[in-house]
2 protein chains.
Amino acid sequence: MKSGVGHTGSTEGAAGTAGAGGAAGAAQPADVAEPARKPGRVSAHEVSRAIRDDIIRGVHAPGARLAEEALSARYGVSRVPVREALRTLEAEGFVRSRPYAGVAVAELDDAEAEDLLEIRARLEPLGAGRAAARRTPEQLGRLKELLLLADDALAADRLGELARLNSRFHEVLAQASGSQTLTQLVTQLSWKIAWVYAVELPRRADDSWREHAEIVAALEAGDPDRAAKVVAKHIAQAQKAYRRRPSGAADASGGAAGSAESET
Amino acid sequence: MKSGVGHTGSTEGAAGTAGAGGAAGAAQPADVAEPARKPGRVSAHEVSRAIRDDIIRGVHAPGARLAEEALSARYGVSRVPVREALRTLEAEGFVRSRPYAGVAVAELDDAEAEDLLEIRARLEPLGAGRAAARRTPEQLGRLKELLLLADDALAADRLGELARLNSRFHEVLAQASGSQTLTQLVTQLSWKIAWVYAVELPRRADDSWREHAEIVAALEAGDPDRAAKVVAKHIAQAQKAYRRRPSGAADASGGAAGSAESET
DNA sequence: TCGGGGACGATTGTATTCAATCGAGGTAGA
DNA sequence: TCTACCTCGATTGAATACAATCGTCCCCGA
């Protein structure tokens, strides 16, 4: 008998590692320096999460070269877990690598950003439809909780946290679909969207969360068609907002230096 | 810029071990043995490709545990590149891992398979539309070349090769879209579809490649709408074929059924 | 006989060390 | 002065060695 490894589903939804949130605020790019994460024992998964967060926050600018040694110093681990993390990020499309030439942060031009939104527009309604049929009460509860947290954040005008809550909302929504593949796809997609939106998203925050509430209502009602439709509208609004953005701001200017709090 | 991982190689060299003789039915192959792949210098990227191919071909059955040492012995490298490969496959959704518990091949039930097809149905027409507008003559040439190769394979009734050509076709089609993100998504998706279809889909091959030719024609004409429409039809046909399959044998039961055939 | 606790083996996770490759810069020659 | 070649430094890629963790099995006690 092979005793085949449990794996009871759960596409790993962010284990609550305290995310070096300390350096919020300033968030100057590029200048690597402080270890930022010295606690003795970190896993490769966490390193990938840390690097991903930093990419999304603009700490590592698009096109920037990521030397393994520098990363290993920054995150306080050896090169081995760093390399593993880079492979993960490569598969996710955050970095590109060439043999013996190292890895660099991917560059997202406007066309890519548009594509991301277009892809999302086609996938999320699908997931929402599934979610309306399959969501568990617990998932519904988490979504509602996120709505409340967002209300607070809105009231306090903490936009950085809002961005995180937004990603999280769409992540949970994807999980509620009950499809492993769909969840993974949409989750990775939501990370990338957060990246692209790093600058723009806060502006639309208010409307966005009103729409989120509608989504939850549709899920609660268990109406797949309505859920899909509401999500589609939501995405379309987001697309419109992105296209209306002031300047071509797809790069890593300081925007939304959100705290990296990782409460799940 | 080519984005690493050239995919120039081909793995059919070791195809001889596929199927493991008539020993189908008896699940739990697991005990891989012969090195099958000793050539001196392989890179981590190639290892991930090798493992992925073996998963798709059913050499590693769904749910099977993948011990690092066993893999490193099988593919003739140390554990380090194996681990990197596993991180890649994890991000792609082919395996699932838990800290200190190792890695196991993911399990795709019928619902997941349906979702995969649904997702593809929504993404590929998008890519095809882009491709019709942006495809380069070189890409068009490669697609045509694939059509010819498929003709040969059809004539000679080499279904295993057809499966590979099929994946390759959709890969190139995605590349022609000019969108990095879309390319990566659709490519990874096509791998998974090949996996799901490996057991099923006896031979829709003939129709499938006729539709492929239509796709190429639309691309050549540079007509985005028509391209998207043709691809949508193509996917819909594939879905129909899948749903019409003889038995519901898409789960992890038998796993390592002989040669991998996937036609879309 | 059955349940709980602890030690052992096996496997994963990480660090350290060594080898291979690429790019930059300098030097010799035309 | 320009070009080609070559040497050297730096960085990536891989292998080996070490530490941490988990599951299992055995022993002990009720």
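Side chains included, hydrogens not; waters and symmetry mates left out as well; all remaining heavy atoms used. Per chain, numbering begins at 1; letters A, B, ... match sequence-line order.
- Checking L66(B) against S78(A), the closest nucleotide of DNA chain C that is more toward the 5' end is the one next to L66(B).
- Put simply, CD on E46(A) is 19 Å from P on dT12(C), counting in whole angstrom units.
- Distance, E84(A) CD to dA14(D) C1': 13 Å, rounded to whole Å.
- Put simply, R87(A) has a side-chain N or O that comes within less than 4.0 Å of OP1 or OP2 on dG13(D).
- Take S48(A) and apply the side-chain contact (heavy atoms from CB on, under 4.5 Å) test, not counting sequence neighbours, and it matches R52(A), A85(A), T88(A).
- With rounding to whole Å, R79(B) atom CZ is found 11 Å from dT14(C) atom P.
- To the nearest angstrom, P of dG13(C) lies 8 Å from NE2 of H45(A).
- Remark: S167(A) pairs with no residue by the side chain to side chain donor-acceptor pair (under 3.5 Å) rule, at least two apart or across chains.
- For V80(B), whose side chain is taken as the heavy atoms from C-beta onward, the closest listed nucleotide among dT16(C), dG23(D), dT16(D) is dT16(D).
- Closest approach to the R83(A) side chain among dT12(D), dG23(D), dT16(C) is made by dT12(D) (side chain taken as heavy atoms from C-beta onward).
- The side chain to side chain donor-acceptor pair (under 3.5 Å) test applied to T136(B) returns Q139(B), not counting sequence neighbours.
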Hey, what are the protein-to-nucleotides 9-11 of chain D N/O distances that come in under 3.5 Å?
{"residue": "dT11(D)", "atom": "O3'", "partner": "R65(A)", "partner atom": "NH2", "Å": "3.2"}

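- When rounded to the nearest whole Å, the span between CZ of R98(A) and C1' of dA20(C) equals 17 Å.
- Every residue meeting the ring-ring contact (aromatic ring centres under 6.0 Å, His included) condition with F169(B), not counting sequence neighbours, appears here in chain and number order: W209(B), H212(B).
- Considering only residues two or more places apart in sequence or on other chains, R134(A) meets the side chain to side chain donor-acceptor pair (under 3.5 Å) condition with none of them.
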Run the side chain to side chain contact (heavy atoms under 4.5 Å, CB included) check on R142(A) and E171(A) step by step: do they pass?
CA-CA 11 Å; R142(A) 277 202 286 176; E171(A) 230 175 291; over 6 Å; no
